Amino acid sequence: MVPRKNSSFTFCRGLFYLGRMRLMSEFIPSFDEAKVEKKWQEIWYKDKYFHANDYSEKEKYYSLVEFPYPSGAGMHIGHIRAYLSLDVISRKRRMEGKNVLFPIGFDAFGLPTENYAIQNQIHPRTITDRNIKTFINQLKATGFSFDFSRMVDTTDPEYYRWTQWIFLKLYEHGLVYKNIAYVNFCPSCKVVLSNEESQGGKCDRCDNDVVQMEKAVWFLKITAYAEKLLQGLDELESSSRIRMEQEKWIGRSTGAYIKFPISCSDKSLKVFTTRPDTIYGATFMVIAPEHPYIEEFRDRIKNLDEIKAYQEQAMLKTEFERIELAKDKTGVKIEGVSAINPLTNKEIPIFISDYVMITYGTGAIMAVPAHDSRDFEFATKYKLPIVEVIKGGDITKEAYTDTEEGVLVNSPLIDGLSVEDAKKKIITYLEDNKLGEEAKQYRMKDWAFNRQRYWGEPIPIIYCDKCGIIPVPYEDLPVTLPMVEKFIPTDTGESPLANIESFVNCTCPKCGGPAKRETDTMPQWAGSSWYFLRYMDPHNHNELAAKEKMEYWGKVDWYNGGMEHVTRHLIYSRFWNQFLYDIGVTVHREPYKKRTAQGIILGSDNEKMSKSRGNVVNPMEIISEYGADTLRTFVLFISDYEMATPWNDLGLKGARRFLDKIWRMFPNVKPGDKYSHKLERMIHETIKGVSEDIENLKFNTAIAKMMTLVNEYNKMEELTTADYEVLLQILNPIAPHITEELWQMLGHETLLVHETYPTYDEAKLFKDEIDLVISVNGKVRDKITVDSQTTEEELKKLAVSTEKIQAFINGMTVVKIIVVPNKLINIVVK
RNA sequence: GCGGGCGUGGCGAAAUUGGCAGACGCGCUAGACUUAGGAUCUAGUUCUUAUGAGUGCAGGUUCAAGUCCUGUCGCCCGCACCA
């Protein structure tokens, strides 16, 4: 951005006033954004104007934004957009008489801080404190109306004591377990990653290749809440996109478990299928390379060497590679062991192939090549029989997977039925004959909950040689991070805490003997999974939050944040809240009433902002050049709030110009407690429009409407105080500093922040005269102004009688005339 | 591959139930004022042969389509051998 030379705005406005001096009763100082904004920020924050009051008589309103990770780079323009929507809503709610809780805090555990600490030999605590300080200053410089007395910091032992407490509660209720698992490990960051953090086989953080590593992993049994999390979505008001992403992430599918007996054995192979109706078409079976039956039947398998070789090969591939190689399916037939289709009673072969995943369903499938494209591909390659059981497609060419039109064939029990009916009948048959049962499966997996890092919440678990795994007693919380000089990751994938003997060695709470602490820490998602509860009672030493306070504040009324947090964070936090509800800690099953998401601001080159691209916009530079009000107005004006949009430096000037215009019209304001007659209707329309637009996150059009009103004001010789005040009131939530200053300049002794939000009068929106468009065959040909009481019959007569219209319809037959009230008249001619 | 969204001037974008396409802003052009500036004010600004044409493209429904339907192309986001 090109820095503005000096303060030419201020300079010129000074001149303007010199020229106008004689019109003014007193000299009006020019709008010095730096001075004015600082002045009001000091008043607001010092005098606690935005403090939320527990148990106030007023109706409560809880607005929540995703608390930031305090990175060293300071605030990003994205933070500004993310927080502005609810800052505007919160400010509006206060003016509407609500007791507003609009808190902020810091999600401060995390890898960048730890990495910076290692590189620069500064303790993460020092860095975090420094960064938080910067963030607070920047948030205040932007004029956000947060209640800064309720700040939380996830790295504060007083906070993470309760994060650990929740973990222990989950443990106590059997929702935590330890298991050996293949985990995604990033050799560069030396850290275990979740599936979500290693999408595409690349580390989320450093973009290096992720490898598979066998590790003992702490899991949270989130799958136990899959159904509840799905059902809870009915209580969450959100866009269809937000809802669908969550549904997809949980990923429920319904079908059946079916048991296929293994030949010459009393065992059977259990599969999950969503298409039990196609069972007569199951001509072979496929099991995942990791399937335990390989080991179980090793003595009967004639080609064990071949199978083992395939297994080993599959293990080498990451999940990502297995997907990448999807097009070319490979597999090996297991010689010596086969299965029996329980409905056809035919013996069918079993294959091992990596297109079946051990992590989903039972790790085994019944393959129906006629009606599943993957099975079709496999059957074609290995020349396996393809039997049509649903009529409607051409199975010589491709699998027929339609479930709407098809009719069952070659299936004695269910011939002639639709897919839907066949499913029901076959499930009943399977259940009656103990061959299977109706079943649900979820895509969601249990939450891998440990990381090998220093800068995270220690997992409160102790290992005792005698007593085994012992949870830290509640009264011993928090398990604090040791303040040490060194926190260097180990090469073995162990946490840096493992090197700190004073931390590791402890006594067993049960037998008092020597014991060792768990050295892994929690993932960054932990602290953010319950922070909205802490805001309601942030300084409580005895519990995570007092129940009475949670009862008063209730659900979060409106939660805004990024689209990227709609699955992981939102589901994790809903899970914890639901669990806490089930054990009687929280008062609502679902934590949020409404969730919205802002669109991202791209660089001016339409690419995602990044340091390497050099297209990053620094909001603080804009504030020091143009002021916070200009930044706020522009960020909200730039486009639809929920859409991604490129940044544009030049547009800032438009926002500043708009505010300047309002500032400059101050001398034209003359005492008067009524709206100017000429402006009255437009003022009412604007109040209505702006208020509705704000509620719908349409800040861009709300500002456009105020700009239009200001343009009208500018045409007036004089304005009444009423005209001017109402503008300041509706603009205040968006540009709070300049409006507050002008409000004071009008002689008010109380702050605009506490003023009531203007209302409009429906009756004043009524128009005596309306402009109508007359079109002929859909093309606009003329415009007329008529009395709003004119009847439809009169309108029709009027329409055909104008000179212009006559010229168009002369010599033609009028077929019909359509009148759309208040909009247009269309004459259809031949 | 599946699911969702988007495609409108030189640019960011507007446009209830289908009803004047381009509100508002940026930029640009011309003029005014002037202490010569990146200030302010006034007028203009989709294209055009001045008749029309025009919302990615091709059809359709309708008195009327940016909006609804069918097909197609392009971009973005999410999920991805999920059985």
Side-chain angles (χ1 to χ4, degrees), chain A residues 2 4-6 8-16 18-19 199-200 239-241 244-245 247-249 251-253 255 271-275 286 319 322-327 329 353-357 359-368 372-375 377-378 441-443 563-564 566-567 599-600 602 604 606 633-634 637-640 642-655 657-658 660-661 664 692 698 700-708 711 714 771-781 783 815-818 820-829:
Chain A
V2 186
R4 222 168 82 224
K5 251 190 255 162
N6 223 317
S8 53
F9 279 116
T10 311
F11 179 54
C12 294
R13 267 188 311 280
L15 285 175
F16 177 83
L18 281 174
Q199 278 174 16
S239 66
S240 63
R241 187 173 164 217
M244 271 186 317
E245 282 198 14
E247 279 178 354
K248 204 107 203 240
W249 200 80
R252 181 176 69 187
S253 50
V271 301
F272 174 73
T273 177
T274 53
R275 297 291 306 274
V286 186
E319 191 141 342
R322 280 165 72 162
I323 297 160
E324 272 293 275
L325 301 169
K327 282 159 207 152
K329 291 194 172 41
S353 172
D354 62 9
Y355 86 87
V356 173
M357 304 291 154
T359 47
Y360 186 78
T362 62
I365 62 159
M366 64 173 207
V368 184
D372 180 286
S373 46
R374 293 152 304 173
D375 299 343
E377 218 180 296
F378 194 83
Q441 278 292 320
Y442 299 90
R443 195 192 74 88
M563 208 54 219
E564 70 277 17
V566 155
T567 46
I600 60 166
L602 303 163
S604 45
N606 230 318
T633 306
F634 180 61
F637 183 62
I638 192 164
S639 87
D640 186 301
E642 294 172 288
M643 303 269 214
T645 194
W647 179 257
N648 172 13
D649 269 341
L650 290 169
L652 276 165
K653 281 202 276 185
R657 236 173 250 170
F658 164 63
D660 276 340
K661 269 188 208 171
R664 280 197 319 268
E692 287 171 358
K698 304 291 177 201
N700 53 339
T701 50
I703 293 167
K705 281 170 184 142
M706 287 188 270
M707 285 173 166
T708 309
N711 291 343
N714 247 345
D771 296 321
L772 281 181
V773 165
I774 308 174
S775 60
V776 177
N777 286 347
K779 292 203 169 113
V780 179
R781 297 304 185 191
K783 288 171 190 185
V815 182
K816 63 174 160 177
I817 301 174
I818 291 147
V820 182
N822 299 323
K823 292 219 166 105
L824 61 66
I825 303 162
N826 189 25
I827 303 162
V828 186
V829 293

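Note that the coordinates shown come from a computational prediction; the quantities given were computed from them, not determined experimentally. Lettering follows sequence order; numbering is per chain, from 1.
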**Request:** Can you tell me the distance, in whole Å, between the CD atom of A/Q441 and the P atom of B/rC79?
**Result:** 20 Å
**Prompt:** CD1/A/I600 to OG1/A/T645 distance, rounded to the nearest 0.5 angstrom?
**Reply:** 10.5 Å
**Message:** Suppose you measure atom P in B/rU55 against the same atom in B/rU8; what distance do you get, rounded to whole Å?
**Reply:** 12 Å
**Prompt:** With rounding to whole Å, what would you report as the distance between B/rG56 and B/rG78 at their P atoms?
**Reply:** 25 Å
**Fill in**
Closest to the side chain of A/T274, out of B/rC77, B/rA83, B/rG12, is B/rA83
**Prompt:** Do the side-chain N or O atoms of A/K248 get closer than 4.0 angstrom to the phosphate oxygens (OP1, OP2) of B/rC2?
**Reply:** no
Could you write out each protein N or O paired with an N or O of nucleotides 61-66 of chain B at a distance under 3.5 Å?
unit_1	atom_1	unit_2	atom_2	d
B/rC63	O2'	A/N826	ND2	3.2
B/rC63	O2	A/N826	ND2	2.5

**Request:** Write down the distance separating the P atoms in B/rG19 and B/rG66, rounded off to the nearest Å.
**Result:** 9 Å
**Prompt:** A/R374 side chain N/O closer than 4.0 Å to the phosphate oxygens (OP1, OP2) of B/rC82?
**Reply:** yes
**Prompt:** Taking only N and O in the side chain of A/R252, is any of them less than 4.0 Å away from OP1 or OP2 of B/rC82?
**Reply:** no
**Message:** Taking B/rC69 as the reference, what is the distance to B/rA53 when you measure between their P atoms (whole Å, please)?
**Reply:** 26 Å
**Asked** Do the rings of A/F378 and A/Y355 sit parallel, tilted or perpendicular, given the 30° and 60° boundaries?
**Response** tilted
**Request:** Taking only the side-chain heavy atoms of A/V820 (C-beta and beyond), determine which of B/rC81, B/rA83, B/rG19 contains the nearest atom.
**Result:** B/rG19
**Request:** Consider the side chain of A/K661, meaning its heavy atoms from C-beta on, and name the nucleotide among B/rC41, B/rC82, B/rC81 that approaches it most closely.
**Result:** B/rC41
**Prompt:** The side chain of A/L824 lies closest to which of these nucleotides: B/rC26, B/rC20, B/rA83?
**Reply:** B/rC20
**Prompt:** Under 3.5 Å, side chain of A/D640 to main-chain N/O of A/N700, donor-acceptor pair present?
**Reply:** no
**Prompt:** Contact class for A/D771 (heavy atom, under 4.0 Å): base, sugar-phosphate, or nothing?
**Reply:** nothing
**Request:** Just call it for A/K705: base, sugar-phosphate, or nothing, with non-hydrogen atoms closer than 4.0 Å on any strand.
**Result:** nothing
**N/O donor-acceptor pair under 3.5 Å between A/N826 side chain and A/G778 backbone** = yes
**Prompt:** Taking syn as any angle within 90 degrees of 0 and anti as the rest, which one fits B/rG59?
**Reply:** anti
**Asked** On a whole-Å scale, what distance lies between the P atoms belonging to B/rG38 and B/rC47?
**Response** 27 Å
**Prompt:** Among the nucleotides B/rC6, B/rG25, B/rC81, which one has an atom lying closest to any side-chain atom of A/M643?
**Reply:** B/rC6
**A/T645 vs A/T273, nearer the 5' end of RNA chain B by closest nucleotide** = A/T645
**Prompt:** Is the phosphate of B/rC81, meaning OP1 or OP2, less than 4.0 Å from a side-chain N or O of A/R443?
**Reply:** no
**Prompt:** Do A/R275 and A/V368 touch side chain to side chain, with heavy atoms closer than 4.5 Å?
**Reply:** no
**Message:** Let's see if you can work this out: which of B/rA15, B/rA13, B/rG19 has an atom nearest to the side-chain heavy atoms of A/K823?
**Reply:** B/rG19
**Prompt:** Can you name the nearest heavy-atom pair linking A/A367 to A/D375, along with the distance?
**Reply:** CA-OD2, 3.2 Å
**Request:** Go through B/rG78, B/rG52, B/rA83 for me and flag the one nearest to the A/R781 side chain.
**Result:** B/rG52
**Prompt:** If only side-chain N and O atoms of A/N700 are considered, is one of them under 4.0 Å from the OP1 or OP2 phosphate oxygen of B/rA14?
**Reply:** yes
**Asked** Quick one: NZ on A/K816 to CD1 on A/I827, what's the gap to the nearest 0.5 Å?
**Response** 13.5 Å
**Asked** Of all the base pairs, Watson-Crick or G-U under 3.5 Å, which form stems of three or more consecutive pairs involving RNA chain B?
**Response** B:1-7 with B:73-79, B:10-12 with B:24-26, B:27-32 with B:40-45, B:56-60 with B:68-72
**Asked** Any side-chain heavy atom of A/F658 sitting closer than 4.5 Å to one from A/F634?
**Response** no
**Request:** Report the distance from atom CG of A/D372 to atom P of B/rG1, rounded to the nearest whole Å.
**Result:** 17 Å
**Request:** Please check if the side chain of A/R443 supplies one atom and the backbone of A/K248 the other of a donor-acceptor pair under 3.5 Å.
**Result:** yes
**Request:** Please state how far atom CD in A/E642 lies from atom P in B/rC6, giving the value in whole angstrom units.
**Result:** 12 Å
**Request:** May I ask you to verify if any side-chain N or O of A/R657 is less than 4.0 angstrom from the OP1 or OP2 atom of B/rA39?
**Result:** yes
**Message:** Quick check on RNA chain B: between A/M707 and A/M244, whose nearest nucleotide comes earlier from the 5' end?
**Reply:** A/M244
**Request:** Please state the C1' separation for the pair B/rU46 and B/rC82 - nearest whole angstrom.
**Result:** 50 Å
**Request:** Using a heavy-atom cut-off of under 4.0 Å over every strand shown, decide if A/N711 touches base, sugar-phosphate, or nothing.
**Result:** sugar-phosphate
**Complete:** Of the candidates B/rC77, B/rG12, B/rA14, the side chain of A/R241 sits closest to B/rC77
**Asked** Base, sugar-phosphate, or nothing: which does A/L650 touch, judged by heavy atoms less than 4.0 Å apart?
**Response** sugar-phosphate
**Request:** Check every strand shown and say whether A/V780 touches a base, only sugar-phosphate, or nothing at a heavy-atom separation below 4.0 Å.
**Result:** sugar-phosphate
**Item:** Nearest-Å distance once atom C1' is located in both B/rU62 and B/rA43
**Value:** 40 Å
**Message:** Roughly how many Å apart are B/rU48 and B/rC2, using the P atom of each and rounding to a whole number?
**Reply:** 43 Å
